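For clarity, every value in this text was computed on a predicted model and none was experimentally measured.
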Amino acid sequence: MTAALTTRIDDATMRTLDRLAERTGRSRDWLVNQAVQEYLAVQAWQLDKITEGIEAADRGDFADQAEIDRIAGKYDRPA
């Protein structure tokens with residue numbers, strides 16, 4: 001089942017959408033649907049990771065100072 005959705009986008013975005021539709025042989029609807037699906041998947045993944053992090057913090061599951069120093073040391077710039 002599908003449902004209709006009306007939204008407004010600026011002219012530049014519409015031109016970009018139309019160019020992409022032409023270049024890919026896909027319809028505007030298909031591209032917008034894909035974009036929304038991908039956006040929702042990323043947002044759901046991010047919220048899951050945030051929830052996991054909060055739950056770990058609530059349990060007191062933190063890295064100790066030695067672990068923090070080890071990780072930070074990987075990114076130290078040479079003097």
Side-chain angles (χ1 to χ4, degrees):
M1 183 161 85
T2 62
L5 171 70
T6 302
T7 187
R8 294 184 182 276
I9 58 174
D10 61 73
D11 291 339
T13 302
M14 183 63 83
R15 285 190 299 274
T16 301
L17 179 61
D18 286 341
R19 281 193 302 272
L20 185 59
E22 184 177 327
R23 292 180 71 191
T24 61
R26 299 286 190 173
S27 68
R28 281 182 187 167
D29 286 344
W30 190 90
L31 292 172
V32 170
N33 190 50
Q34 286 298 115
V36 170
Q37 287 179 21
E38 290 175 22
Y39 176 83
L40 294 174
V42 168
Q43 295 304 307
W45 173 85
Q46 187 174 31
L47 288 172
D48 288 346
K49 293 300 178 184
I50 290 169
T51 299
E52 289 173 17
I54 291 170
E55 289 170 354
D58 287 345
R59 290 190 307 271
D61 190 8
F62 294 102
D64 61 19
Q65 190 60 48
E67 180 70 6
I68 293 169
D69 291 343
R70 184 188 68 77
I71 293 169
K74 291 172 34 176
Y75 302 103
D76 283 345
R77 293 186 202 184

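- Residue pairs meeting the side-chain hydrogen bond (donor to acceptor under 3.5 Å, both in side chains) criterion with at least one partner in residues 65-74, sequence neighbours excluded, are Q65-D69, E67-R70.
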Would you tabulate the side-chain donor-acceptor contacts of residues 37-57 under 3.5 Å, counting partners in other chains and residues two or more places apart, or write 'none'?
residue	atom	partner	partner atom	Å
T51	OG1	L47	O	2.9

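- The list of side-chain hydrogen bond (donor to acceptor under 3.5 Å, both in side chains) pairs with a residue in residues 2-15, not counting sequence neighbours, reads D10-T13.
- D58 meets the salt bridge (charged side-chain N to carboxylate O under 4.0 Å, His left out) test with no other residue; sequence neighbours excluded.
- Looking at residues two or more places apart in sequence or on another chain, you find no salt bridge (charged side-chain N to carboxylate O under 4.0 Å, His left out) involving R23.
- Using a 4.5 Å cut-off between side-chain heavy atoms of Ile, Leu, Val, Met, Phe, Trp and Tyr, M1 forms no hydrophobic cluster with any other residue.
- Under a 4.5 Å side-chain heavy-atom criterion applied to ILVMFWY residues, the cluster that includes I68 comprises that residue alone.
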Would you mind writing out the side-chain donor-acceptor pairs for residues 24-33 within the sub-3.5 Å range, not counting sequence neighbours?
residue	atom	partner	partner atom	Å
T24	OG1	L20	O	2.8
T24	OG1	R26	N	3.4
S27	OG	W30	N	3.0
R28	NE	D18	OD1	2.5
R28	NH2	D18	OD1	3.0
R28	NH2	D18	OD2	3.0

